[in-house]
Amino acid sequence: MSEPNAILLDEPAAGLNAVETQDLMCALQRLMRPDLVLLIVEHDMDLIMQLCQHIYVLNFGKMIASGTPDEIRAHPDVISIYLGDDADD
């Protein structure tokens, strides 16, 4: 396991405070390399938006969006379901 081809992380930021989440992100960035697939299942959208190059968004097991962080931020279903709508304030 010293040179894996893929790593799957399920909710790695669960229970972490902001400082610990930042430390986790730094550690994951150090792991990243072209020949490594890093698959993260996570609800911390800030972490995902900063770390990932491509994002798949699921809602009740159905993919509702796929794309870059900028594309995901702009997707109306993602905004409504996960990011919140300014009209909700």
Side-chain angles (χ1 to χ4, degrees):
M1 274 313 286
S2 63
E3 292 294 326
N5 295 323
I7 298 174
L8 169 62
L9 300 170
D10 186 14
E11 299 287 344
L16 301 182
N17 65 35
V19 173
E20 293 166 334
T21 300
Q22 185 66 33
D23 289 345
L24 171 66
M25 185 166 45
C26 290
L28 293 175
Q29 287 172 329
R30 285 192 303 272
L31 286 175
M32 295 172 82
R33 60 181 199 270
D35 62 337
L36 175 68
V37 174
L38 185 58
L39 178 63
I40 306 170
V41 177
E42 181 60 66
H43 286 91
D44 185 328
M45 293 296 286
D46 291 332
L47 172 73
I48 293 300
M49 293 292 189
Q50 293 179 50
L51 186 63
C52 298
Q53 297 170 349
H54 197 89
I55 301 167
Y56 297 90
V57 181
L58 302 178
N59 187 42
F60 293 104
K62 179 182 174 195
M63 187 168 60
I64 61 168
S66 171
T68 65
D70 288 339
E71 292 169 331
I72 296 302
R73 276 188 199 94
H75 195 285
D77 290 338
V78 175
I79 292 168
S80 174
I81 296 168
Y82 290 106
L83 301 178
D85 191 342
D86 288 340
D88 293 340
D89 294 337

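Quick note: numbers below take in every heavy atom, side chains included, and nothing from hydrogens, waters or symmetry partners.
Two residues are said to be in side-chain contact when any heavy atoms from C-beta on lie closer than 4.5 Å; M49 and I55 meet this criterion. At least one side-chain heavy atom of L51 sits less than 4.5 Å from a side-chain heavy atom of Q29.
Smallest separation of non-hydrogen atoms from I40 and L28: CD1-CD1, 4.1 Å. When every heavy atom of P12 is checked against every heavy atom of E42, the shortest pair comes out as CD-OE1, 3.1 Å. Heavy-atom minimum distance, I72 versus A65: CD1-CB, 3.8 Å. Scanning all heavy atoms of the two residues, the minimum distance from C52 to P69 falls at O-CG, 3.2 Å.
Here the straight-line distance linking atom CG of D77 with atom CE of M63 works out to 12.5 Å at 0.5 Å rounding. Note that the CD1 atom of I64 and the CD1 atom of I81 stand 4.0 Å from one another [nearest 0.5 Å]. In this structure, the separation between CD1 on I7 and CE on M32 is 10.5 Å, given to the nearest 0.5 Å.
By the criterion of side-chain heavy atoms lying less than 4.5 angstrom apart, applied directly or through intervening Ile, Leu, Val, Met, Phe, Trp or Tyr residues, L9 is grouped together with V57 in one hydrophobic cluster. With hydrophobic clusters built from ILVMFWY side chains whose heavy atoms lie under 4.5 angstrom apart, L47 shares a cluster with L31. The cluster map of Ile, Leu, Val, Met, Phe, Trp and Tyr, joined by side-chain heavy atoms under 4.5 Å apart, puts M45 and L39 in different clusters.
In this structure R33 satisfies the side-chain hydrogen bond (donor to acceptor under 3.5 Å, both in side chains) test together with D35, sequence neighbours excluded. In this structure H54 satisfies the ring-ring contact (aromatic ring centres under 6.0 Å, His included) test together with Y56, sequence neighbours excluded.
A donor-acceptor pair is defined here as one N or O able to donate and one able to accept, closer than 3.5 Å; such a pair exists between the side chain of N17 and the backbone of E20.
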